[in-house]
Structures are given as C-alpha cells and as structure tokens.
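Everything on this sheet refers to the single structure shown next.
Just so it is clear: chains get the letters A, B, ... in the order the sequence lines come, proteins before strands, and each one is counted from 1.
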There are 2 protein chains.
Amino acid sequence: MQNKDDISKKPLTPAMEDYLEAIFNLGKEKRVVRVKDIAKRLGVKMPTVTNMLKTLSKRELIDYEKYEYLELTEKGVDVGREIHRRHHILRGFLTDILNVDFKKADEEACKMEHAVSASTLDRFIEFMEFVQFCPRVGLDWLEYFDEYRLHGQEPDKCLARMKEFAGGFKVRIKTMEEVGGEK
Amino acid sequence: MQNKDDISKKPLTPAMEDYLEAIFNLGKEKRVVRVKDIAKRLGVKMPTVTNMLKTLSKRELIDYEKYEYLELTEKGVDVGREIHRRHHILRGFLTDILNVDFKKADEEACKMEHAVSASTLDRFIEFMEFVQFCPRVGLDWLEYFDEYRLHGQEPDKCLARMKEFAGGFKVRIKTMEEVGGEK
DNA sequence: GAACTATGTTTTGGGTGCCTAATTATCACT
DNA sequence: AGTGATAATTAGGCACCCAAAACATAGTTC
C-alpha cells in the first residue's frame, strides 16, 4: 500500500513529461502511436523510447505490452494534457506578447514548461487575458511595443499617441538600472 | 588543437551555470569563496561541489588547485555574470509584472534562466522597459492588473478608469480560447 | 516457405549530477 | 610540536537519460 502510493507520489522528471506530452499530441494526430514516431518527435533513438515506456508503464501512466500498441492511461492523459497546455500558454506569451518568432518560441516554451509552477502559469494566463481585456492596454497596444522595440526609445511618439485620446498628464520614467542591468 | 577547441565549444550544462552563478555571487559578497559556501548556497553536499569544481577547472572556467582558494577565470566571470543577469531580469519580470512573490519568483527564475535564449531575454528587458516607459501603460497600469487578478474580470471598472482620462471608445474583447484554453 | 523489410527490444556502456562514508589536509591553540 | 576542530577530498554507488550494436517479431513478397 505504501509502495504503490510512493510510486504515484514521486514527481515526474522533465523527460517523462516530455514523453507524455509527445504521446498525447501524437495520439491526437494519428490513429496509433508508434515507438518510431515518438523517437522522431523527441529526437532520440528507439531504445531510449522503449526504456522510458517501461518506466511510464511502471508508473501507470501508459498501458503498454511489448510489440503492441500503446495508450495513455487516464492519469497519463491528465499529465499529457497539462503539459501541452503549459506549452501552449508559454509559447503564446512568447509569440503574442514578446513577439518571438514561432519556431524559437516553441523550443523555449518546451524548456520553460518544466520550470514554471502551476500558480505562476496562472499569472501568465491572467496577464494575457488582461492585456486583451482591459481597454486601456488592449487594442493596438502591442503594436506600440513593436514600434518601441524596433525604433528605440522614442517617448515623444508614445506620448503623442497617448495624447490622442487623453489630455496631457505627468509622465514618470523610472531609470532602468533596476530592471536591466549589470552595467 | 582540435581537442582544446572542442572543450571550449561544448555547451555548458544547467548545473555548471548554476555553480558559476553561485561562485560569481559569493565572490562579490565575501573575500574568498569556499567549497562549503557553495555547497550551502546551492543546497548540495561538499563532495558534489568538489566534483563540479574539477569539471569547471578542466573547462578553464575556474582557477583551482586542491585545498587552495578558487577563482573564476575571465571566461568564468563572463558566464557567471551573464547567468546572474538572466536571473535578475526574469525574477524582475515575475515579481514586477506578474506579481509573483519574491521567494517563488527567485526559485523559478533559477530554472527559467537555463531555458531562455539571449535574444528572448532581450525581449523581456525591452518589454519591461516599455511598460515603464510608455505613458499609456506605465504609471499605475500594473495596479489595474492586480485588481483584475483579484476581483475577476470587471470590464466596467477597467473601462471606467479608462474614461477618466479619455473619451468613450469601442472595446474589442477577444475570446480566450487561443490563449488559455484546453477547456 | 525462405528471404526481405519494417519495427521493436535487449544488451552494454557512457555521461551527468547527486549522495554517503571514510580519509586526508589545514588551521588554531595550548 | 601535538592535538582537535573544521574543511576538503577520495572512493564507491545510485538515478536518470541517452546511444550503438545485436537480436527478436511480424508482415510481405516471391
């Protein structure tokens, strides 16, 4: 009893999560999931996959008999979906907010998804919702960011935009020492 | 010649980067850096540190003779400073933008700092600068985000705030399917 | 039904990163 | 100089992740 519980309580390693995500995604793309496909998707060799499948099977995250098809268990699906969700959210943040190109965003999201806690991930979601939701920043605000990025710090431009729909008001500009810099 | 080059080209592992960052920070805090201090800082045992020091020494990232003081090489300082900078920026993003509490932000920045490329990190910096810099979103905008987080989606409030300094205007609200959601 | 092909598995081994236990070096003090 | 406390190292082992090579299974083709 304690033995079984111990197994299910052990935290998953990042690699396990990657495999479950890959299997989850392949399961949605194809009729059956093959060892070969998993290997290709993750850029590893087939024996490596076989090993991991045995581990995942012991953990009751997949149903798997050798030489047979494999399927995620209910628990496995939960994990796979959660990791896929993280990936999706973080990639969305990188592409939509920070304007990172898709390929790079996809790669980095794949690493970040193991570093970020559930609660912090929620903050990412709330933040992205907020950006879209609050009229003060939503709309074409992100386009301004793009301009800012590409043409350097031009407060006049940003100010001018502001004044288009608001009266003049005081601007407080913090020094950037605390944000960026090692000097 | 090829041998030596190979050594310097191999990418650093996350663990190596953590050690270099720790040594870099300790070097600024104390007169000398001890194995014991590194172990305490990173939450590992002393033999583990000794092992890693040998590795880092082979890579010419530290100068180190056993039982003697250790120092970062020029190359080691560069890496240490860069990692420290990443840590600082990402933690700043988590605390200042997403409102994650310091302790958790510090922990997660420590993992994220190995996942994010230099160029993406620059986007983080630019974004944070932009938030402070552009009067349209700077100022007390982040306080609005906090309210939004804590009291749920209340477009009226956000709209009301907006109207305080701008005339009424149309609001476009995107569905969140693409941002959050697995359903 | 024998050879061929695609796919999956086992065996063996390497690299990293961590640990414990036992050993050795260093320093301060009398 | 000798002794004890502190610091650092060596030795040995475990978990995780990967890969090359040899072997196993099933299906196809002639």
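- Picking from dG8(C), dA7(D), dA19(D) the nucleotide with the shortest atom distance to the side chain of V35(A) gives dG8(C).
- Remark: the T73(B) side chain and the E60(B) side chain contain no N/O donor-acceptor pair separated by less than 3.5 Å.
- Among the atoms of the strands shown, none is found under 4.0 Å from any heavy atom of Y69(A).
- Evaluation of the side chain to side chain donor-acceptor pair (under 3.5 Å) rule for S119(A) yields S117(A), K104(B) as partners, not counting sequence neighbours.
- If you take CD1 of I38(B) and C1' of dT9(D), they are 14 Å apart, rounded to a whole angstrom.
- Across the protein-nucleic acid pair, K54(B) atom NZ and dC18(C) atom C1' stand 14 Å apart, rounded to whole Å.
- Around atom CD of E29(A), more than 12 heavy atoms belonging to other residues, nucleotides or ligands sit under 6.0 Å away.
- As a whole-Å value, the separation of M46(B) CE from dA7(D) C1' is 6 Å.
- Closest to the R34(A) side chain, of the nucleotides dT26(C), dG8(C), dC18(D), is dG8(C).
- Straight-line distance from the CG atom of L20(B) to the P atom of dG17(C): 12 Å, rounded to whole Å.
- Separating the CZ atom of R59(A) from the P atom of dA15(D) is a distance of 12 Å, rounded to the nearest angstrom.
- Checked by atom type, the side-chain pair E21(A)/H84(A) shows no donor-acceptor distance below 3.5 Å.
- F127(A) and F93(B) have perpendicular rings, their planes meeting at more than 60° on a 0 to 90° scale where under 30° would count as parallel.
- Residues passing the side chain to side chain donor-acceptor pair (under 3.5 Å) test with E107(A), sequence neighbours excluded: K103(A).
- Listed pair Y64(A) / dG8(C) fails the phosphate criterion, with no side-chain N or O lying under 4.0 Å from OP1 or OP2.
- Atoms CG (L70(A)) and P (dT7(C)) sit 15 Å apart, rounded to a whole Å.
- The OH-C1' distance, from Y67(B) to dT23(C), rounds to 8 Å in whole Å.
- Contact between the side-chain N/O atoms of K66(A) and the OP1/OP2 oxygens of dA24(D) is not found at any separation under 4.0 Å.
- Here the nucleotide nearest the side chain of M52(A), chosen from dT9(D), dC17(D), dG8(C), is dC17(D).
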- Dot-bracket for DNA chain D, 5' to 3', counting Watson-Crick or G-U wobble pairs under 3.5 Å, with [ ] for crossing pairs and | for inter-strand pairs? ||||||||||||||||||||||||||||||
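- Both E68(B) and P47(A) lie near DNA chain D, and the one whose nearest nucleotide falls closer to the 5' end is E68(B).
- Between the NZ atom of K58(B) and the C1' atom of dG17(C) there is a distance of 14 Å, given to the nearest Å.
- Here K45(B) does not reach the OP1 or OP2 of dA8(D): none of its side-chain N or O atoms lies under 4.0 Å away.
- Closest approach of K111(A) to H114(B), counting heavy atoms only: CD-O, 4.4 Å.
- For the OP1/OP2 pair of dG17(C) and a distance below 4.0 Å, the side-chain nitrogens and oxygens of T48(B) include no atom meeting the criterion.
- Taking a cutoff of 4.0 Å between a charged side-chain nitrogen and a carboxylate oxygen, D122(A) and R85(A) qualify as a salt bridge.
- Nearer to the 5' terminus of DNA chain D, by closest-nucleotide assignment, is the contact made by V33(B) (compared with the other of N51(B) and V33(B)).
- Counting any heavy atom pair closer than 4.0 Å across all strands shown, T13(A) reaches sugar-phosphate atoms only and no base atom.
- The side chain of Y19(B) contributes an N or O atom lying less than 4.0 Å from OP1 or OP2 of dC18(C).
- Taking only side-chain nitrogens and oxygens, K36(B) comes nearer than 4.0 Å to OP1 or OP2 of dA7(D).
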